[in-house]
Amino acid sequence: MNKKINWVEGDGGPHIIIESKFLKIWKGESDKEFERSLCFYEKACSINAYISELNIGSGKCIIINEDILISTWITDNTGGILVVGNYIGDEMEYDTLSKEINDIPQYEYSDTELVYQVCDQELYLFPACDFDKGWHYNYCKFNLLPGNYRVKMIEEYVIKDSSFRLFKFIKTS
């Protein structure tokens, strides 16, 4: 089966992974909620790490902070892998990308020291600038089992004529 990659694209800036139960906090619908969402977005933009947590309401979200134009999520047997495109050549097929990334040995990833707790198994990946009602950009919805996930990273991984930054979420409990 050859699936199409669900690329999340924006106009640059950070991307976010957020549990569905906190989505309403990020995507403010009233003027007051919009102002609060704008504050969260500004905090997200001020983060200087490749990947970090941001407190939002009573929970946390993941901020992938750099000028990201494209990202996607690939599920694997340990949790999943956030794939950020550094540059992408010819159209990359899902099967090729998934197989290549899932074949990378664990020891090639470096620890980011980040452990993310998932409570609500439904998560969304989208450009952080999409912080008001409705959807202005594409998003990727995926599931992770509740628990703690250690995040590991490969700063640059080349497949054919494309380069990616990889963040592997490995379930620890």
Side-chain angles (χ1 to χ4, degrees), residues 1-10 13-24 26-27 44 49-54 56 59-66 68-128 130 135 137-173:
M1 178 169 89
N2 192 3
K3 289 174 36 178
K4 187 173 169 41
I5 299 172
N6 184 15
W7 289 115
V8 172
E9 298 181 65
H15 283 194
I16 180 174
I17 294 176
I18 192 168
E19 293 180 84
S20 61
K21 67 182 174 184
F22 300 120
L23 196 57
K24 186 175 179 181
W26 194 269
K27 306 220 22 100
Y50 281 134
I51 190 165
S52 185
E53 284 185 317
L54 177 68
I56 178 167
K60 296 179 185 240
C61 60
I62 294 287
I63 301 296
I64 308 91
N65 195 15
E66 53 186 281
I68 298 173
L69 294 177
I70 193 166
S71 68
T72 194
W73 181 265
I74 294 179
T75 301
D76 72 358
N77 60 359
T78 64
I81 303 168
L82 170 64
V83 179
V84 176
N86 294 326
Y87 61 86
I88 305 205
D90 294 334
E91 179 131 354
M92 178 64 63
E93 294 181 5
Y94 180 87
D95 292 340
T96 302
L97 182 62
S98 180
K99 180 178 178 348
E100 287 275 341
I101 289 173
N102 279 310
D103 285 347
I104 299 171
Q106 292 279 355
Y107 65 83
E108 289 193 31
Y109 286 87
S110 60
D111 197 351
T112 64
E113 305 295 320
L114 178 63
V115 177
Y116 182 58
Q117 183 180 20
V118 175
C119 298
D120 180 359
Q121 68 182 29
E122 186 177 72
L123 293 106
Y124 285 78
L125 166 66
F126 57 93
D130 206 348
W135 289 101
Y137 297 94
N138 191 28
Y139 62 89
C140 183
K141 185 166 80 169
F142 60 94
N143 292 316
L144 278 178
L145 293 173
N148 292 321
Y149 290 83
R150 178 163 296 283
V151 181
K152 297 192 171 193
M153 177 180 86
I154 295 177
E155 192 168 343
E156 183 175 27
Y157 191 79
V158 176
I159 302 172
K160 296 184 179 185
D161 59 349
S162 300
S163 170
F164 304 96
R165 178 164 293 123
L166 307 175
F167 298 95
K168 187 172 185 80
F169 286 63
I170 303 166
K171 192 164 192 299
T172 61
S173 64

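Position 1 is the first residue of the sequence; numbering continues from there.
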Looking only at heavy atoms, which two atoms of [X] and [Y] are closest? And how far apart?
{"X": "G79", "Y": "L144", "result": "O-CD2, 3.4 Å"}
{"X": "S163", "Y": "E156", "result": "OG-OE2, 2.9 Å"}
{"X": "L82", "Y": "S71", "result": "CD1-CB, 4.3 Å"}
{"X": "E53", "Y": "L114", "result": "CG-CD1, 3.4 Å"}
{"X": "G10", "Y": "H15", "result": "N-NE2, 4.4 Å"}
{"X": "I16", "Y": "C61", "result": "CD1-SG, 3.7 Å"}

Relative to the ring of [Y], is the ring of [X] parallel (under 30°), tilted (30 to 60°) or perpendicular (over 60°)?
{"X": "F164", "Y": "W7", "value": "parallel"}
{"X": "Y149", "Y": "F169", "value": "tilted"}
{"X": "Y139", "Y": "Y124", "value": "tilted"}

Y116 side chain to K60 main-chain N or O, any donor-acceptor pair under 3.5 Å? yes

Any donor-acceptor pair under 3.5 Å from D120 side chain to E19 backbone: no

What do you reckon, is NZ of K141 surrounded by more than 12 foreign heavy atoms closer than 6.0 Å?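 Atom NZ in K141 is not crowded, with 12 or fewer foreign heavy atoms closer than 6.0 Å.
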
